[in-house]
Peer 1: 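Okay, here's the structure, questions in a sec.
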Amino acid sequence: MRLLLPKTTIHIWLVFPDQINDEALLARYVDILNADEKKRWQRFHFAKHRHQFLIARALVRSTLSCYADIRPADWRFIFNQYGKPEIAPTLWSQPLRFNLAHTDGLIVCAVVWEHALGVDVENVQKKHETLKIAEHVFSKQEVADLVSLPEADQTERFYHYWTLKEAYIKAKGMGLALPLDQFGFRFIENHGVEIGFDPCLDDNPSHWQFWQFKPSLHHIVALALQAESSASYHVDMKTVIPLQTV
Ligand SMILES: CC(C)(COP(=O)(O)OP(=O)(O)OC[C@H]1O[C@@H](n2cnc3c(N)ncnc32)[C@H](O)[C@@H]1OP(=O)(O)O)[C@@H](O)C(=O)NCCC(=O)NCCS
């Protein structure tokens, strides 16, 4: 049965890859990969990364099949020059958009009609020299905000910024071709988050909406949607096991 996705709803599907170790199920995931995906899957050096890649593909394919009469193995994709995948219009002409993100312990796929969207997930336990990275890639205001916080709060705030910035560049589909210091986020007490752009980026804050979630103790997810900020969107989030619960 097809799943209904209202025009102003975003579905977010989550998988915790460490929960999936049924060999028969994993073999079914391999069966739905296309030839290129199989090659990529075999090239991973570490079993952990292979596992994550396989489940991410299964998540995308089984999720998309919820919205169309197309089997998981039959999806085909096109990629823009920066590698962002979209459903091949020659396979299915409906404007369903999706974006995928993965990190240690969590894989996320977001789906919406028509609008460009980007999703990112990070594990806050990852050890990084957060301030050094921030000084290198964040906007001046973001760095000033980080520095002003007590040290104990800096790591989490760093990942709030990081995931939002990544979600935005993924929605734009341009990867790191977009200079990370030329746009910045500002947290407004009780009013979420606001984006600001350097004039050279020629973008407009009122064309964007952002959300942030903490689906586990260690994970932060950010979502960016290119839609008028006045339009009211609803986000539905669900944890699944590909080909079993979805
Ligand atoms: C290309 C990029 C999207 C990769 O991001 P990432 O954090 O390594 O990976 P994520 O898990 O978030 O996303 C990967 C998925 O995004 C999708 N993707 C690939 N290129 C993309 C693009 N240009 N735009 C949007 N999505 C893209 C793919 O589905 C990919 O899955 P796959 O690797 O399994 O094929 C890009 O944003 C990048 O290289 N970022 C580097 C990280 C960084 O320095 N961030 C600084 C933030 S402050």
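For ligands, and for the atoms within them, numbers begin at 1 and follow the listed sequence.
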Peer 1: Identify which one of Lys126, His219, Lys48 satisfies the side-chain hydrogen bond (donor to acceptor under 3.5 Å, both in side chains) criterion when paired with Asp104.
Peer 2: Lys48
Peer 1: Passes ring pair (Phe, Tyr, Trp, His ring centres under 6.0 Å), Phe98 versus Tyr67? Steps please.
Peer 2: CA-CA 12 Å; Phe98 74 96; Tyr67 306 98; over 10 Å; no
Peer 1: Against the six-membered ring of Phe187, is Arg157 placed for a cation-pi contact (under 6.0 Å from the centre, within 45° of the normal)?
Peer 2: yes
Peer 1: Run through the side-chain heavy atoms of Ile, Leu, Val, Met, Phe, Trp and Tyr, join any pair under 4.5 Å, and report what else lands in Leu223's cluster.
Peer 2: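 Answer for Leu223: Ile10, Ile12, Leu14, Phe16, Leu106, Val108, Val112, Leu117, Val119, Val121, Trp211, Phe213, Val221, Leu225, Tyr233, Val235, Met237.
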Peer 1: Can a donor-acceptor pair be found between the side chains of Asp203 and Tyr168 at a distance below 3.5 Å?
Peer 2: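 Their side chains do contain a donor-acceptor pair, which is all the 3.5 Å distance test asks for.
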Peer 1: Do Val15 and Ile241 have side-chain heavy atoms sitting under 4.5 Å apart?
Peer 2: no
Peer 1: Using a 4.0 Å cut-off on heavy atoms, what residues surround ligand 1? Order them by chain and number.
Peer 2: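 Within the 4.0 Å shell of ligand 1, which is judged on heavy atoms, sit Arg40, Arg57, Tyr82, Gly83, Lys84, Pro85, Asn99, Leu100, Ala101, His102, Asp120, Phe138, Trp162, Glu166, Ile169, Lys170, Gly173, Gly175, Leu176, Leu180.
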